[in-house]
Amino acid sequence: MDYKDIIKNINDNKMENLYLFYGKEYFLIDNAIKAFRGNLNESMIDFNLDIIDGRETDVASLISSIETLPFMDERKIVIIKDFELLKGKKKNFSDSDEKYLVDYIDNIPETTTIVFLVYGDIDKRKSFVKKINKNGKLINCDKLSDMDLFKWTKKTFENGGVIIDNPQIMHFIEQIGYKDKSSEKTLSDLKNDINKISSFVGKGNTVEKGAIDKLTEKKIENDIFKLIDNIGAKNSSSAMKILNDMIEEGESVLGIFAMISRQFKLIIQARGLQSERLSSKSIAERLKIHPFVAGKALKQTTNFSDSEITEIMNYLLDSDYKIKNGLIRDTLAVEIFIGKYC
């Protein structure tokens with residue numbers, strides 16, 4: 001049973017006792033929360049819906065919440081976010097605690113639905129995960145398929161009150177870069193861009209290509225991320241292909257140099273803030289950048305040492321000077337850059 005069928009059953013009040021939603025598509029996970037909430041009596045929701053931070057709770061608190069009977073409603077729903085035993089960590093739970101919870105899953109009260117939510121990956125080797133998979137529903141909230149993405153995008157535009165043709169939907173999807181394997185774009189990012197475009201166009205009006213190009217994040221930024229990823233992975237052939245594609249699409253080499261330089265500056269800054277144990281969200285706020293960009297910079301910190309980044313920055317500055325003064329062709333400078341650091 002896939003995500004759509006699960007959500008349909010929840011909306012139809014055909015709920016199981018146990019669920020685990022996990023994955024990188026946070027929008028789908030948050031949508032599941034809305035579906036569960038929608039099945040409760042809104043006036044009694046404070047009594048019948050518990051949302052627990054799984055990183056801070058303990059066995060006694062969990063069991064107490066699960067075994068509390070619903071009040072003036074048919075069901076009690078307990079939502080547990082980022083439960084540490086699902087991610088292979090043990091800060092608040094001993095081995096005996098874990099064994100107790102694994103056994104307890106066989107005895108969940110019929111009037112209670114337990115929903116585990118993990119924003120990211122889970123450790124499927126864990127006995128706790130295996131038991132949930134055996135007794136309940138394990139749902140991977142990953143990126144949408146091509147057809148589902150098309151339908152979701154079309155519906156989201158239409159919900160914004162605008163008219164959009166199929167070719168423009170395809171252009172929007174291509175422009176945003178969601179389908180790229182290396183892209184960390186989420187449905188939340190797409191929804192934000194759709195809202196911007198819909199507001200710009202106005203209700204009842206048609207979305208044209210120009211509005212999409214004007215208001216979405218340009219594909220070059222995703223290409224720069226991929227280029228730097230491939231340089232970090234020492235994959236010169238892929239890096240060179242990305243570079244050639246960007247140049248063929250009309251991007252200036254100096255512009256490419258500038259964006260590469262900006263990204264390496266962000267990598268240095270992100271590394272420094274990460275050493276202060278700041279979260280990705282806090283780093284994005286501190287640097288005043290989009291969380292997607294901050295997350296990418298944090299991932300890329302692992303591919304380069306401080307000395308490598310310093311050397312790269314020096315090369316970029318030196319090449320910028322030589323290009324502007326006619327001492328080297330721009331395309332040659334960037335090809336040397338890829339060859340040198342791959």
Side-chain angles (χ1 to χ4, degrees), residues 23-26 53 55 81-82 84 87-89 91 118-123 143 176-178 180-186 188-189 192 217-240 242-243 246 251 253-321 333-342:
K24 297 177 181 178
E25 194 49 87
Y26 298 174
D53 186 342
R55 297 165 297 184
K81 293 186 175 183
D82 284 324
E84 62 178 54
K87 305 177 81 171
K89 299 177 181 178
K91 185 179 83 171
V118 176
Y119 295 93
D121 294 327
I122 57 174
D123 188 346
K143 290 199 172 192
I176 212 72
Y178 176 88
D180 295 347
K181 287 184 179 180
S182 59
S183 173
E184 294 183 22
K185 283 284 190 180
T186 67
S188 294
D189 297 316
N192 288 337
E217 184 179 288
K218 295 297 182 183
K219 188 174 181 294
I220 183 175
E221 186 163 35
N222 283 328
D223 289 338
I224 291 295
F225 292 150
K226 289 188 285 185
L227 178 63
I228 293 174
D229 282 343
N230 279 284
I231 291 171
K234 310 301 180 189
N235 190 337
S236 59
S237 60
S238 292
M240 196 65 74
I242 293 167
L243 170 66
M246 283 192 287
E251 301 295 344
V253 176
L254 282 176
I256 294 171
F257 262 118
M259 292 198 72
I260 292 173
S261 179
R262 172 182 178 272
Q263 188 62 18
F264 274 106
K265 287 177 184 175
L266 290 177
I267 291 170
I268 292 174
Q269 292 171 318
R271 175 174 284 164
L273 293 173
Q274 190 177 41
S275 67
E276 298 177 20
R277 298 191 175 182
L278 293 180
S279 66
S280 176
K281 182 180 179 182
S282 298
I283 290 172
E285 290 172 354
R286 185 78 67 87
L287 297 179
K288 296 180 179 179
I289 57 178
H290 193 281
F292 165 72
V293 178
K296 200 64 188 175
L298 284 169
K299 279 200 168 185
Q300 290 173 335
T301 60
T302 60
N303 293 334
F304 303 93
S305 66
D306 289 338
S307 60
E308 284 176 323
I309 295 174
T310 301
E311 186 179 339
I312 286 170
M313 293 296 295
N314 287 334
Y315 177 85
L316 293 171
L317 289 171
D318 183 55
S319 296
D320 182 70
Y321 172 83
V334 76
E335 287 169 359
I336 292 173
F337 167 71
I338 291 173
K340 184 178 177 69
Y341 296 105
C342 277

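Heavy atoms only: backbone and side chains are in, while hydrogens, waters and symmetry mates are out.
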* To do: Give the C-alpha distance, both sets of side-chain angles, the deciding distance and a yes or no for side-chain contact (heavy atoms from CB on, under 4.5 Å) between Glu25 and Thr186.
  => CA-CA 6 Å; Glu25 194 49 87; Thr186 67; 3.3 Å; yes
Looking at every heavy atom in both [X] and [Y], which two are closest together, and how far apart are they?
{"X": "Ser319", "Y": "Phe257", "value": "CB-CZ, 4.0 Å"}
{"X": "Arg271", "Y": "Thr302", "value": "NH2-N, 4.4 Å"}
{"X": "Asp82", "Y": "Arg55", "value": "O-CG, 3.4 Å"}
{"X": "Ala294", "Y": "Ser280", "value": "CB-O, 4.1 Å"}

* Assess whether side-chain contact (heavy atoms from CB on, under 4.5 Å) is satisfied between Met313 and Lys265, documenting all intermediate values. => CA-CA 8 Å; Met313 293 296 295; Lys265 287 177 184 175; 3.5 Å; yes
* Under the side-chain hydrogen bond (donor to acceptor under 3.5 Å, both in side chains) rule, collect the residues that match up with Ser238, sequence neighbours excluded. => Asn235
* Asked: Got a salt bridge between Asp229 and Lys299, using NZ or NE/NH1/NH2 to carboxylate O under 4.0 Å?
  -> no
What distance separates [X] [atom1] from [Y] [atom2], expressed to the nearest 0.5 Å?
{"X": "Ile267", "Y": "Ile309", "atom1": "CD1", "atom2": "CD1", "answer": "5.5 Å"}
{"X": "Arg286", "Y": "Ser279", "atom1": "CZ", "atom2": "OG", "answer": "10.0 Å"}
{"X": "Ile268", "Y": "Thr301", "atom1": "CD1", "atom2": "OG1", "answer": "11.5 Å"}
{"X": "Ile260", "Y": "Leu316", "atom1": "CD1", "atom2": "CG", "answer": "6.5 Å"}
{"X": "Lys226", "Y": "Leu243", "atom1": "NZ", "atom2": "CG", "answer": "13.0 Å"}
{"X": "Asn230", "Y": "Met240", "atom1": "CG", "atom2": "CE", "answer": "11.5 Å"}

Given side chains that start at C-beta, do those of [X] and [Y] come closer than 4.5 Å, heavy atoms only?
{"X": "Asn303", "Y": "Ile228", "result": "no"}
{"X": "Asp189", "Y": "Ile176", "result": "no"}
{"X": "Asn314", "Y": "Glu311", "result": "no"}

* Structure fact -> Exactly one of Arg262, Met259, Lys296 clears side-chain contact (heavy atoms from CB on, under 4.5 Å) with Ile224, and that residue is Met259
* **Donor-acceptor under 3.5 Å (Gln300 side chain, Leu266 main chain)** => no
* Asked: When you look at NZ of Lys87, are more than 12 heavy atoms from neighbouring residues, nucleotides or ligands closer to it than 6.0 Å?
  -> yes
* Residues Tyr341, Phe304; criterion ring-ring contact (aromatic ring centres under 6.0 Å, His included); working and verdict -> CA-CA 10 Å; Tyr341 296 105; Phe304 303 93; 8.6 Å; no
